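Heavy-atom basis, side chains included; hydrogens, waters and symmetry copies ignored. Naming convention: chains lettered A, B, ... in sequence-line order (proteins, then strands); numbering from 1 in each chain. For clarity, every value in this text was computed on a predicted model and none was experimentally measured.
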Amino acid sequence: MVERVLIIDDEENIRQMIRLTLEASAYEVGEAEDGIEAFAILGGDPSWNVILLDQRMPMMEGTEVLPVGCNRHTLRLSP
Amino acid sequence: MNLRAKLLLGYLVFIAALVVLGGWSAWRLREMGGVSRSILSNNYDSVVAAQEMKESLERQDSAALFALLGARDKAMTQLREHRARFDANFEKAANNITEVGEPEAIENIRRDRDLYYQMFDAFMARVDKASLSEQKPPPRNEEASERNEYFTLLEPQFNKLRAECERLLQLNQRAMLAKSEAAAGVAQLWFYRTLLVAGILVAAGVMLAFFLANRIVEPLRQLTATTAKIAGGDLNAKVVVNSRDEVGVLGAEYNRMAEHIRQLRTSDMGKLLVAQQTTEAAIDSLYDPVIVTDAEGCVTKLNPAAEEIFGSEKENSGRHVGEVARDTRIAGAVAEALESQRPVAGEGLSAVLPLAVDGSQRAFRLRTTPMRDNDKHLVGAVTLLEDITHLREIDQLKTEFIASASHELRTPLTSVQMGVYLLLEGAAGELNPKQTEILDACREDCERLDKLMRDLLDLSRIEAGESQPELAPIQTRDLITAEAGELRPQVESKGLAFRVDVPADLPTVKADRSQIERVLANLVINAIRYTKQGEIRISAEPRGHYVAFSVSDTGGGIPQEYLPHIFDKFVQVPGAATGGAGLGLAISRLIIEAHGGQISVQSELGHGSTFTFTLPVAH
């Protein structure tokens, strides 16, 4: 089964680099530009294994996104 | 006229007055003497002569009686003698006629004398005739006729003549008495006159003496009064001396001296005034508040900047600085500076005074300097409140800027770093050696840039107090050998020897392991950068309640002028192979000081440097 990683970062280049790096290691990668989009993607889908969450973002800080996702996912922080 | 002449003149007038008085008195006395003499010559001689005449007349009368009694020879002798005496005295009196009535008296005497002499001669002849017929007893009647002649003729004539002489005597005696009385009256009159003249002279003399004394003393008194005025500070006082004597000369010289003093004073005052105005203007022009206090700590001056905070100089002057400044640290600093007679300056955050100026809060740094005069006597203190609000604002701004800038810079750097990493991993296909070489260089500089960002971020965090060390007891030897193992490849890759001298029995220290590792890494990497050959050595030794860690190199050393600033931010010693940002030592110092230790450097140009830091021993 392929590991699914969701990247939440407002910087497109960062998302792209992380996606390329992970895809080189055969991960399935999803991207979200901010917390709102992330919630839309996550929805009720429990199949995401890892979420990479940026802390400093417009609209919604990483620390605000975190408690929402905490309910169903094991998360690792990355600045 | 000079003073000597004046005095001499005064004395001369006195002497002249005395001479006049003396001469006059002598003349008067002489005149009085003349009166006595005239009495003596005019009357006394006549009186004596009259007396003598009376006496000799009486003896002649006695001679007649002798003759009558038969002693003819004795009678003749006495008669001759006293007739001669009478005549001589009569001549004297006749030649000394002085009084009214005297000539008549003399004439009477002369006439009666001549008559008396005739009568006497006739009487004597009769007596002689009688004595010749002595043999026969003289008839009683003849005898009786001689006696009869004496009593009827001679004796009355004698009495008359004697009375005449008596009259002459009386006359002269009366005149003498009158003259004597007159002389006494005159003498009394002259006595009073002399007294009057002497009194007038004495009065005049006293007045003259007063006048002279005043003439001499008055200018001196003026001089004294003027001296008192000048001594009292009134340099415009002038001596008005019109006399041309020595006192006048003295007065003129005195005025010259006063003028000289006045000029000196004016020029000195002018200089002082300019100096004072310059000082005041300098103090007033300062933007920083300045409080000047006397040796007791009472305010003597506030510059306009200080007046804005503490109120006007006028209302605060003379009050104690503790009453004027609400913050006790100001009064404390003034008291300390006055007591220790050394400048007192606040350091660090605790020395920052927050004060309200025009409604806004500002931060000041306090600096108090004692003032001493030329004799080293304490005269007061100057307190400068350095307005560091701006500096602190800049510092704040800088910290915020660094934090935000380093984040903004790191984001694109991260993506560049990842891209380079992906390429080097072959994620975009195989690379030829040239491409690999280029990408390696890119990765190296990306890492350097990343480290710089991290350092800046750390520095701003530590400075803002956000990164307190998490202290725990650490085995010193373990700490050093572990970190040395990490660093060894970097040292040896530069061809340098790496020595670690750590005794086995070092005490444990209280430290944040990761932070101390960072400091050690910083020091070793610095040493590598500045050392071309030789060795790098890490050592440690106990030092009281501390353990001293040292990192030595055999590099070029640090120039003397850099040593005091080497732990400041962005200070770089020239000569590094590849430049850092000059933050490593600043961060190291902040970390060590946060641990309660100290960091220092010893360096000799050309012989290498030794950095030493201490950490407290864990108990």
Side-chain angles (χ1 to χ4, degrees), chain A residues 1-39 41-42 48-69 73-79, chain B residues 397 399-432 435-436 438-462 464 466-467 470 514-515 518 587:
Chain A
M1 188 184 150
V2 181
E3 296 282 337
R4 298 186 74 200
V5 180
L6 177 63
I7 304 163
I8 310 172
D9 201 319
D10 58 316
E11 291 284 336
E12 197 191 339
N13 286 347
I14 296 282
R15 286 202 309 272
Q16 191 185 349
M17 284 303 158
I18 293 171
R19 184 168 55 82
L20 287 171
T21 308
L22 291 174
E23 278 173 358
S25 302
Y27 288 97
E28 188 185 326
V29 179
E31 290 178 43
E33 200 177 343
D34 52 46
I36 292 150
E37 198 188 335
F39 291 141
I41 293 168
L42 285 168
W48 296 99
N49 302 104
V50 177
I51 297 173
L52 291 173
L53 176 62
D54 187 23
Q55 194 188 333
R56 212 172 283 184
M57 289 187 298
M59 310 281 286
M60 222 174 162
E61 287 275 299
T63 45
E64 291 173 274
V65 181
L66 195 59
V68 184
H73 301 285
T74 309
L75 297 164
R76 242 166 64 200
L77 286 172
S78 166
Chain B
L397 208 66
T399 306
E400 282 169 14
F401 170 77
I402 288 171
S404 123
S406 52
H407 180 263
E408 291 306 313
L409 289 167
R410 276 188 80 198
T411 306
L413 182 63
T414 307
S415 86
V416 171
Q417 261 181 310
M418 282 193 284
V420 170
Y421 179 75
L422 276 174
L423 288 174
L424 282 169
E425 288 293 301
E430 282 298 308
L431 300 174
N432 62 33
Q435 290 168 328
T436 308
I438 292 168
L439 284 173
D440 266 334
C442 286
R443 192 196 62 194
E444 227 170 77
D445 274 5
C446 279
E447 277 168 5
R448 212 174 111 198
L449 207 53
D450 190 47
K451 186 181 178 300
L452 175 62
M453 298 299 159
R454 261 207 321 269
D455 281 353
L456 275 173
L457 214 54
D458 286 349
L459 191 71
S460 64
R461 275 181 194 153
I462 294 170
E466 291 170 12
S467 177
E470 291 166 21
S514 65
Q515 287 192 352
R518 188 166 176 190
I587 291 170

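Separating the CD atom in A:Gln16 from the CE atom in B:Met418 is a distance of 10.0 Å, to the nearest 0.5 Å. Atoms CG and OG1, on A:Asp10 and B:Thr411 in that order, are 8.0 Å from each other to the nearest 0.5 Å.
In this structure B:Asp445 satisfies the side-chain contact (heavy atoms from CB on, under 4.5 Å) test together with B:Arg448, sequence neighbours excluded.
The environment of A:Glu37 atom CD is dense: over 12 non-hydrogen atoms of other residues, nucleotides or ligands sit within 6.0 angstrom. Around CD of A:Glu12, the count of heavy atoms belonging to other residues, nucleotides or ligands within 6.0 Å does not exceed 12.
Inspection of non-hydrogen atoms places A:Ala24 of residues 22-32 of chain A under 4.5 Å from chain B.
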